[in-house]
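Report on the following structure.
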Amino acid sequence: MAATERSDTAPEHLEPIPARLMYPLDETAALIGGVSLRTVYRLIGDGHLAAVRVGRRRMVPAAAIRAYVDELTAA
């Protein structure tokens, strides 16, 4: 395999890379389905999406993204 190619399965001696626990707002917008950053701010303001401050940045926990998507699909 070339150095730039990536395998879908990690070798047995390596731990799998964990999913990220939090995402910045722009990545959250992309994960939700390509909504605008303004929509993410509105969802946070309306209480549909939880966000926390990490230093000066606002981040959305991965669990909050999953909960929001689950809420949408349950309706």
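Numbers here are sequence positions counted from 1.
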Distance-only check: which donor-acceptor pairs under 3.5 Å involve side-chain atoms of residues 31-47, not counting sequence neighbours?
{"from": "Ser36", "atom 1": "OG", "to": "Thr39", "atom 2": "N", "distance (Å)": "3.1"}
{"from": "Ser36", "atom 1": "OG", "to": "Thr39", "atom 2": "OG1", "distance (Å)": "3.0"}

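Looking at residues two or more places apart in sequence or on another chain, you find a side-chain contact (heavy atoms from CB on, under 4.5 Å) between Ala64 and Leu49, Ala50, Val60, Pro61. Under the side-chain contact (heavy atoms from CB on, under 4.5 Å) criterion, Glu71 pairs with His48, sequence neighbours left out.
Every pair tested for side chain to side chain donor-acceptor pair (under 3.5 Å) that includes a residue from residues 50-70 fails, sequence neighbours excluded, so the list is empty.
Residues Val69 and Met22 do not share a hydrophobic cluster, defined by chaining ILVMFWY side chains whose heavy atoms lie under 4.5 Å apart. Placement of Leu72 and Ile65 within a single hydrophobic cluster is found when ILVMFWY residues are connected by side-chain heavy-atom separations under 4.5 Å, directly or transitively.
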